[in-house]
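Report on the structure given below.
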Amino acid sequence: MQLVELQERYQDFRAANTEIIAISNEDRETIDTMKQELGITFRILSDTSRTMIEDYGVFHDKEAKGRPIARPAAFVIDGNGIVGYRYVGESQLDRPRADDLLQAASPAV
């Protein structure tokens, strides 16, 4: 699972001066339970209105639990709000690796 992989590499992201923020269309209570069960310490925002899903163009044409869902996606956004990396999966199993995100987030030497 992507969240667990990101958690395992969280200190590497922090060492690269990068913060992880996940977004889910689940409600806050469900997210808090999932974070506790998986040991996730980074922020996961709730987007039950799917506003961010629409704004970032990751809306999925399939539905889960009777409601629209987001494609798995990752964005690396710099301090000026510029998107430097964008990954949008084709299916729920198509997710970027933590190594790829870390590389995208790390400044070129």
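This one's a predicted model, so the numbers in the text were calculated from it and none came from an experiment.
Residues I21 and L45 meet the side-chain proximity criterion, which asks for heavy atoms closer than 4.5 Å. Between Y85 and L101, the closest side-chain pair of non-hydrogen atoms falls below 4.5 Å. A heavy-atom distance below 4.5 Å is not found between the side chains of R9 and I20.
For F75 and Y56, the gap between ring centers is short of 6.0 Å.
Considering all non-hydrogen atoms of both residues, I40 and V4 come closest at CD1-N, 4.3 Å. The heavy-atom pair separating R71 from G89 by the smallest distance is CD-O, 3.2 Å. Residue F13 comes nearest to A98 through the heavy atom pair CZ-O, 3.6 Å, listed as atom of the first residue, atom of the second, then distance.
Salt bridge absent: R43 and E19 never bring a charged side-chain N and a carboxylate O closer than 4.0 Å. Between K35 and D32 there is no salt bridge, since none of the side-chain N atoms of the basic residue sits less than 4.0 Å from a carboxylate O of the acidic one. For D100 and R97, the salt-bridge test passes: some basic side-chain N is under 4.0 Å from an acidic carboxylate O.
T48 and S46 share no donor-acceptor pair across their side chains, judged by distance under 3.5 Å alone. In this model, a donor atom of one side chain and an acceptor atom of the other lie less than 3.5 Å apart for Q7 and T41. Checking Y87 against D94 by side-chain atom types alone, a donor-acceptor pair falls below 3.5 Å. For the residue pair D27/T30, the side-chain donor-acceptor check at 3.5 Å is satisfied.
Atoms CZ and CG, on R95 and L6 in that order, are 9.5 Å from each other to the nearest 0.5 Å.
In this structure, D47 contributes its side chain and I53 its backbone to a donor-acceptor pair below 3.5 Å. At least one donor-acceptor pair under 3.5 Å links the side chain of S106 to the backbone N or O of L102. In this structure, the side chain of T33 does not engage the main chain of I31 through any donor-acceptor pair within 3.5 Å. Under the 3.5 Å distance criterion, the side-chain polar atoms of R50 are left unmatched by any main-chain donor or acceptor of E54. Between the side chain of Q2 and the main chain of P96, a donor-acceptor pair closer than 3.5 Å is present.
Applying the 6.0 Å contact sphere to CG of D55 captures more than 12 heavy atoms from other residues, nucleotides or ligands.
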